[in-house]
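The next block holds one structure in the form of structure tokens; read it before the comments.
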Amino acid sequence: MVTTKQGKSGKTSINFNYNYGITEQFKQLDVLNSQEWINVRTEAILNQSRASNPDAPFATARSSALTGIRLAGTLTDAEISALPTYDWQKESFRQGTLSTYELAIRGGNDKTTFSLSTSYNGADANLRKVDFERGTLALNLGHKVNTKLSIDSKINMSTTTANGQFGSPNGGSFLGAAAFSGSLMIPTNPIYNEDGTYFGTPSTGGTAGILNQNIIQVADLNTIRATINQMVGNLSLTYKITDGLVIKPFVGLDYRLIKGFNFSDPRTADGFNVRGRTQNQYNENINILSNVTLNYNKSFGKHTVGFLAGAEYRSDVNEGVSTVSENLPTPEFKYASSAANPISIGGFWTGNKKSAVFSNVRYEYAGKYLISLVGRYDGSSRFGANYKYAFFPSVSGSWVASEEEFLKTSSLINLLKIRASYGSTGNDQIGNFPSLGLFGGGFAYNGQAGMAPGGLPNPDLKWERNVTLNLGVDAGLWNDRVTVSADIFRRDSEDLLLNQPIPVTNGFTSITKNVGNMRNDGLELEIGFVPVKTKDLTWKTSFNYTIIDNKITKLYDGIAPLPNKDSIIALPGDTRFAVGYPAFAIFNTEYAGVNPATGRPFWNDANGNPTYRVQTPRDLKYFGTNQSKFYGGWTNNVTYKGLTLDVLVQYDYGRFENNAQNAFLSELGGRTFNTLRSEYDKRWQKPGDITNVPRPYNGNAELNGSGNFTGTRMLQDASYIRLKQVSLSYDLPKKMTTAMKIQGLQFYVQAFNVMTWSKWEGYDAEFINLGSGNNGIIPLSRSYIGGVKLTF
Amino acid sequence: MNKYIKLKSATLLFAVMMVTSCSNLIEVQPRQSIDSATALSSGDAINAAMNGVYDRFQSTNLYGRDFLAIPDALSDNGRATNKSGRLNPEYNNQVGAHFVNWTTSYIAINQLNLIIDALPEIKDLTQVRKDAVEGEASFLRALLYHNLLRAYSYDPGAEVAQYNRGGVPLLLKGVLSLSSVTFPARASVADCYTQVIKDLDNAIAKIPKSSNNRAPIYATQGAAQALLSRVYLYNRDYANAAKLATDALGSGVGRFLSNTAYIGGFRSPSNPESMLELVYTVL
């Protein structure tokens with residue numbers, strides 16, 4: 001939710017902020033040129049032919065490699081070395097731009113204050129045809145009706161339009177995404193014909209290679225657009241009933257209209273056979289929130305007591321329609337009314353409701369001792385009939401030791417606070433109706449509607465409960481020149497909401513149940529220093545570190561361990577849970593490298609013996625998790641007169657992920673995709689070569705062998721350290737602004753994602769879509785921004 | 001006094017809010033699904049549930065792709081062109097590269113079991129129609145088990161004792177709640193064939209002859225006779241295979257084309273030789 005600063009009574013102030021920047025790709029993947037690719041493809045075909053016929057001739061393999069990409073099979077060495085190489089990756093990326101305009105007006109008088117603001121953000125990503133625009137308008141209004149009653153209201157409106165590309169989260173196959181396919185295109189394919197038109201369009205037979213489409217044309221002509229129009233508004237009343245007793249009713253609405261538009265141009269591979277396809281989605285999300293709180297505060301000498309009671313109610317309804325239609329007169333017609341062939345129409349409705357009553361009692365003595373009790377009684381429509389409500393209590397206390405006599409006079413310690421809390425919260429993050437057994441529609445045969453069971457009922461489905469014990473200390477030394485904040489916590493998640501598999505012979509694959517427990521033990525530490533503090537120069541620096549040890553401690557009863565003792569539950573998305581291992585653990589077969597004698601890849605079986613053919617689940621082993629072991633950041637803030645420098649470094653350690661995009665890029669001519677030069681240089685070529693990159697092999701699977709990309713071969717360490725942000729700003733001195741009759745003027749420059757250190761071999765280690773692979777993901781970019789802030 | 005009244009009314013308002021928040025405020029019922037406990041209680045529902053089963057047969061794991069493509073890839077009838085990587089593992093006979101009809105088939109079998117279980121209680125269908133539905137459902141269940149047996153067990157008489165794990169689990173009662181979930185072992189191959197033959201006998205007895213004019217897109221008596229003939233053939237009962245084949249050919253469902261019409265048959269929307277052919281519906 002966007003919140004803007006509440007207005008202030010007095011002189012009306014006007015703030016204006018403008019910035020502009022450019023974005024660029026972190027790195028370009030180094031792939032093969034035309035000659036190298038023909039070479040490795042020939043090897044792949046030859047290795048396959050010679051597996052069954054040791055005398056298979058080289059000439060036949062090369063001819064097959066050439067004709068496979070639509071070149072003459074008779075090309076000579078000289079003709080091959082004269083072939084040009086086209087850089088599709090470079091054509092897919094570009095320099096992007098960013099711009100921001102913000103205007104805020106604040107003012108008011110004793111009774112009424114207001115804040116009005118508007119903004120525009122525009123970005124053309126550094127990837128072809130990907131852009132983003134957002135406009136916002138916000139009004140905050142506060143009014144004191146009388147000494148007892150005041151009103152606050154906020155209204156925020158925004159519209160966001162993002163143009164994605166095929167393979168982006170907005171839809172489409174990742175094969176058509178330039179971020180994915182740019183590096184995979186066979187380099188002998190020209191991008192444009194000599195007359196500037198697209199090469200390899202469907203009407204001219206496509207491009208050579210599996211992708212078979214001009215991905216630049218796909219990016220340029222097809223549309224995948226998401227528009228979100230949002231209105232968030234609320235109104236609250238504050239009424240002082242008596243001294244110290246306040247009642248505050250609140251009502252809010254969050255309204256969102258999400259439009260999806262997806263157009264496959266009839267000139268591109270996706271739309272060619274159907275003469276264009278247009279898809280529309282219209283989703284409406286209405287979220288109503290209301291609550292009321294009654295708050296009582298009273299001080300008696302050194303004693304302060306507080307009492308709060310409240311109730312809340314929330315309803316969330318999501319409703320939508322979608323259409324798909326095909327066959328448009330010409331590419332200029334993009335909307336369903338022009339389409340001759342309606343393909344499908346969809347409509348859906350779903351919703352959930354929550355309510356709660358809660359209460360809080362606080363007692364404080366002399367600013368030193370604080371104890372607080374909270375009780376919540378939460379209800380959610382998502383659970384079984386008898387388990388919709390659950391009680392979640394918690395207790396917390398703190399002791400400000402530095403307020404005690406023995407520390408009050410200390411010149412070393414200016415703050416020492418010890419905190420402890422123990423309590424529980426509930427989690428209902430599951431689908432809306434998993435406790436119900438339902439027959440659903442969406443089936444049809446011979447023009448007649450059908451239905452089928454969709455899931456088993458679980459009337460016992462209840463809240464997942466997180467019980468957290470937290471101990472913390474905050475300390476300030478030498479008048480806050482050194483600050484330390486440390487927390488250790490243990491969070492036990494009980495009755496985890498998971499999909500428990502059931503024998504599918506019963507007609508269902510799983511049931512949502514409260515099936516287990518999980519424990520998180522962690523430490524959060526933040527240490528701050530102020531190494532320099534003079535009249536003109538201040539340097540503040542702080543380092544933070546979070547380490548979490550996550551483990552499944554219990555799963556449902558009757559789970560039968562597999563022979564290799566890694567008992568797993570496979571969940572949708574192939575994430576796995578096993579007792580004693582972290583949630584979303586990676587279980588895979590172990591890649592053991594390449595047999596130096598044959599160049600064939602091999603794996604270790606369950607007993608650790610090398611084999612050419614692994615079996616799952618028999619040979620699965622645990623290989624870490626894509627959750628971080630520890631992570632954090634290092635911030636620096638330096639001010640010198642009007643100059644301010646901020647530097648942020650972030651780090652993330654210990655997460656592993658399958659680099660799905662690089663698996664395609666490591667095929668070494670196994671199929672007609674281009675390949676990384678690093679893999680090409682390391683490939684096995686002759687007996688005795690010691691390497692972990694197998695010999696090229698057509699089809700990527702040796703005879704009687706597992707596929708070349710089976711197991712952990714592409715599992716990579718996605719740990720990284722990144723210089724995330726550097727910004728420098730300069731505020732004009734008061735003397736000058738006064739002379740210019742303005743309140744303030746600031747110039748600033750910022751750089752994001754400046755440098756990265758990582759072993760990850762893909763485009764970007766930070767945003768890799770953990771759990772679902774990095775195919776088609778638009779990588780983060782490096783950006784440089786300059787701007788100005790003006791206040792009247 | 002005034003203060004006291006305000007305090008009281010605020011407390012009262014508050015109490016009202018607390019109470020209402022605990023009532024039925026948070027009941028939400030789905031609007032595009034119906035309760036499975038009462039779903040199959042009318043003739044319309046039974047018909048819709050049957051359409052749901054036919055829809056399932058269009059799955060790519062069944063007749064939507066795999067039953068046509070995978071046999072050719074596994075055998076030498078087809079050759080993987082390596083155009084996309086699909087069917088390469090099947091072509092190379094990699095471990096586990098085979099039919100994957102297990103899950104989809106058992107989901108469809110449960111749908112059929114539920115329909116068969118529900119039929120006796122349906123008030124708005126005639127006994128003739130109930131019999132016809134039961135026969136159709138029995139036929140479809142037999143077809144699913146027949147294909148499961150072909151993919152996951154040995155054909156009768158071809159067992160290799162060392163690797164033989166029997167037939168497939170036989171589930172004949174519908175499952176709608178966790179308490180009725182069972183985990184039966186594989187039945188023997190012989191028992192599985194007995195069950196498939198029993199279902200087909202029941203189908204032939206209960207699907208009326210008049211259903212044959214619904215061929216080839218629905219299960220008919222003729223199709224049941226043809227399938228039973230094939231099942232007998234697998235079961236090495238050649239006399240019955242011949243008898244049922246003769247019955248099937250006499251049913252009028254599917255007819256042999258002359259040499260001159262043969263090629264044209266493949267070009268017609270539905271091949272006249274088909275005993276059972278799905279009409280694909282995209283949704």
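Below, chain A is the first sequence line, B the second, and so on; all start at residue 1. What you see below is based on every heavy atom in this structure, not just the backbone, and it leaves out hydrogens, waters and symmetry mates.
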Q: Tell me, please, whether A:Phe673 has A:Arg671 positioned over its six-membered ring: NZ or CZ under 6.0 Å from the ring centre and within 45 degrees of its axis?
A: no
Chain B contact via [X] - which portion, at a heavy-atom distance below 4.5 Å:
X        : result
A:Ser315 : neither
A:Phe433 : side chain
A:Gln448 : both
A:Ala449 : backbone

Pick one of side chain, backbone, both or neither for [X], based on which atoms fall under 4.5 Å of a heavy atom in chain A.
X        : value
B:Leu278 : both
B:Ser180 : backbone
B:Ile34  : both
B:Ala45  : both
B:Pro169 : side chain

Q: Taking the six-membered ring for Trp and the full ring for Phe, Tyr or His, determine whether the centres of B:Tyr218 and A:Tyr445 are under 6.0 Å apart.
A: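 Distance test on ring centres: under 6.0 Å, yes.
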(Q) Could you check, using the six-membered ring where one of them is a Trp, whether B:Tyr152 and B:Trp102 have ring centers closer than 6.0 angstrom? (A) yes
Q | CG on A:Asn698 to CZ on A:Arg41, rounded to 0.5 Å | A |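 If we round to the nearest 0.5 Å, A:Arg41:CZ and A:Asn698:CG are 4.5 Å apart.
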(Q) I want to check something: taking the side chain as every heavy atom from C-beta on, are A:Val246 and A:Thr238 in contact at a cut-off of under 4.5 Å? (A) yes
When you compare the side chains of [X] and [Y], does any donor N or O come within less than 3.5 Å of an acceptor on the partner?
X        : Y        : answer
B:Ser42  : B:Asp124 : no
B:Asp199 : B:Tyr145 : no
B:Glu277 : B:Tyr63  : no

Which residue out of [options] racks up the most heavy-atom pairs below 4.5 Å with chain A?
options                               : value
B:Val53, B:Ile115, B:Leu178           : B:Leu178
B:Leu114, B:Leu40, B:Thr182           : B:Thr182
B:Asn113, B:Asn47, B:Thr104, B:Thr103 : B:Thr103

(Q) At a heavy-atom distance under 4.5 Å, which candidate from A:Leu438, A:Leu456, A:Val504 has the highest pair count against chain B? (A) A:Leu438
(Q) Counting heavy-atom pairs closer than 4.5 Å to chain B, which one of A:Gly68, A:Pro459, A:Ser380, A:Gly437 comes out on top? (A)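 Sorted descending by pairs with chain B, the first entry is A:Gly437.
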Q: List the steps and the verdict of side-chain hydrogen bond (donor to acceptor under 3.5 Å, both in side chains) for A:Asn499 and A:Ser510.
A: CA-CA 6 Å; A:Asn499 292 327; A:Ser510 67; 4.5 Å; no
